[in-house]
Engineer: 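If you scroll down you'll find the structure; I have some questions about it.
The shown structure was predicted, so the numbers you read here are calculated from the model rather than taken from an experiment.
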Amino acid sequence: MQVLRTTVVKQVLTETLKQSLLSSYQDKKSQLEKEYEQLRFELKKTERQQKGSRQQKAGFFQKEMEQRRQKIENIDFQQSQLEMLPLGSELKEKEVQALIDVQVGDRWEETEKTIVIKDGIVVEIR
């Protein structure tokens, strides 16, 4: 019988992958900083408007700015953690659904598989 089972995909940390991840983090951080500055500009613009719904708009912008700031801090933390990892470490990339054969008498725990990828090439299935 064939069943769907969740399979973990792990990446082996190489210099190429490390640089790619750091570049990706930097791109995300730059985008968030731009969004933060745009929200700050909109907040100042709102503060100059007439009263009325000004406080409501200001609260919205401040909340959005805080979310961006937290995401930037999270990215900084991820970058620092990545820089500390030694090359050859395995990073969980994602989980995928795999079709596996199950027979009567098979041990269920042994049907779990992990796919290990190094520089885009499958190097091991365990």
Engineer: First locate atom CG of Leu99, then atom CD of Gln2, and finally report the distance between them rounded to the nearest 0.5 Å.
Structural biologist: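 So the CG of Leu99 and the CD of Gln2 are separated by 4.0 Å.
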Engineer: Quick check on Lys28: does its NZ atom have over 12 non-hydrogen neighbours (other residues, nucleotides or ligands) under 6.0 Å away?
Structural biologist: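 For Lys28, atom NZ is not crowded (no more than 12 foreign heavy atoms under 6.0 Å).
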Engineer: Atom CG in Leu21, atom CG in Leu13: separation rounded to 0.5 Å?
Structural biologist: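 One gets 7.5 Å once the value is rounded to the nearest 0.5 Å.
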Engineer: Can you tell me how far apart CD (Glu42) and CD (Glu64) are? Round to the nearest 0.5 Å.
Structural biologist: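 Output value for this atom pair is 12.0 Å.
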Engineer: For Asp27, give me all partners under salt bridge (charged side-chain N to carboxylate O under 4.0 Å, His left out), at least two apart in sequence or on another chain.
Structural biologist: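 By the salt bridge (charged side-chain N to carboxylate O under 4.0 Å, His left out) rule, Asp27 matches no residue at all.
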Engineer: So, do Gln79 and Gln26 sit near enough that their side-chain heavy atoms are less than 4.5 Å apart?
Structural biologist: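 Side-chain contact under 4.5 Å: yes.
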Engineer: Within the structure provided, determine whether Phe41 and Lys44 are in side-chain contact (heavy-atom separation under 4.5 Å).
Structural biologist: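 Contact flag for Phe41/Lys44 side chains = no.
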Engineer: For residues Ile117 and Val12, determine if any side-chain heavy atom of one lies less than 4.5 Å from a side-chain heavy atom of the other.
Structural biologist: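 No, their side chains stay 4.5 Å or more apart.
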Engineer: How about Arg69 and Glu66: do any of their side-chain heavy atoms sit closer than 4.5 Å?
Structural biologist: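 Of all side-chain heavy-atom pairs linking Glu66 with Arg69, at least one is under 4.5 Å.
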Engineer: Give me the atom names and distance for the closest heavy-atom approach of Met1 to Gln103.
Structural biologist: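 For Met1 and Gln103, the tightest heavy-atom pair comes out as N-NE2, 3.9 Å.
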Engineer: What distance separates Ile72 CD1 from Arg68 CZ, expressed to the nearest 0.5 Å?
Structural biologist: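 The CZ atom of Arg68 is 9.0 Å from CD1 of Ile72, to the nearest 0.5 Å.
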Engineer: Between Gln78 and Gln81, does a side chain to side chain contact (heavy atoms under 4.5 Å, CB included) hold up when you go through it step by step?
Structural biologist: CA-CA 5 Å; Gln78 288 175 330; Gln81 293 298 302; 5.7 Å; no
Engineer: Taking side-chain hydrogen bond (donor to acceptor under 3.5 Å, both in side chains) as the test, write out the residues that go with Gln62, two or more places apart.
Structural biologist: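 Checked Gln62 against side-chain hydrogen bond (donor to acceptor under 3.5 Å, both in side chains); zero matches.
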Engineer: Mind checking the CG-NZ spacing from Leu22 to Lys29? Nearest 0.5 Å is all I need.
Structural biologist: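 If I round to the nearest 0.5 Å, the distance is 11.5 Å.
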Engineer: Name all residues meeting the side-chain hydrogen bond (donor to acceptor under 3.5 Å, both in side chains) criterion together with Ser80; count only those two or more places apart in sequence or in a different chain, and write none if there are none.
Structural biologist: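 By the side-chain hydrogen bond (donor to acceptor under 3.5 Å, both in side chains) rule, Ser80 matches no residue at all.
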Engineer: CD/Glu124 to OG1/Thr114 distance, rounded to the nearest 0.5 angstrom?
Structural biologist: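 Reported to 0.5 Å precision, the distance equals 9.0 Å.
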Engineer: Do Lys71 and Tyr36 touch side chain to side chain, with heavy atoms closer than 4.5 Å?
Structural biologist: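 No, too far: nothing below the 4.5 Å cut-off.
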Engineer: A side-chain contact here means heavy atoms from C-beta on lying under 4.5 Å apart; do Thr6 and Gln97 qualify?
Structural biologist: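 Yes, at least one pair of side-chain atoms sits under 4.5 Å.
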Engineer: On a heavy-atom basis, which atom in Val9 and which in Val96 lie closest, and how many Å separate them?
Structural biologist: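 Closest pair (atom of Val9, atom of Val96, distance): CG2-CG2, 3.9 Å.
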Engineer: I'd like to know if Lys18 and Glu15 make a salt bridge, using a cut-off of under 4.0 Å between side-chain N and carboxylate O.
Structural biologist: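 A salt bridge is absent here (no side-chain N lies under 4.0 Å from a carboxylate O).
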Engineer: State whether Glu37 and Lys34 are salt-bridged, where the test is any N-O pair (Lys NZ or Arg NE/NH1/NH2 against Asp/Glu carboxylate O) under 4.0 Å.
Structural biologist: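 No, this pair does not count.
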Engineer: Can you find a pair of side-chain heavy atoms, one from Met65 and one from Arg40, that are under 4.5 Å apart?
Structural biologist: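 With C-beta onward as the side chain, the pair touches.
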Engineer: Indicate the atoms forming the closest heavy-atom contact of Ser89 with Leu85, along with that distance.
Structural biologist: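 Minimum heavy-atom contact is OG-CD2, 4.0 Å.
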Engineer: Which heavy-atom pair separates Gln11 from Asp119 by the least distance, and what is that distance?
Structural biologist: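 So the two residues come closest at OE1-N, 4.5 Å.
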Engineer: Do other residues, nucleotides or ligands put more than 12 heavy atoms under 6.0 Å from Arg126 CZ?
Structural biologist: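 Check passes, neighbour count above 12.
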Engineer: Taking Phe60 as the starting point, is it possible to reach Leu32 by hopping between hydrophobic residues whose side chains are less than 4.5 Å apart?
Structural biologist: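 Hydrophobic grouping puts Leu32 apart from Phe60.
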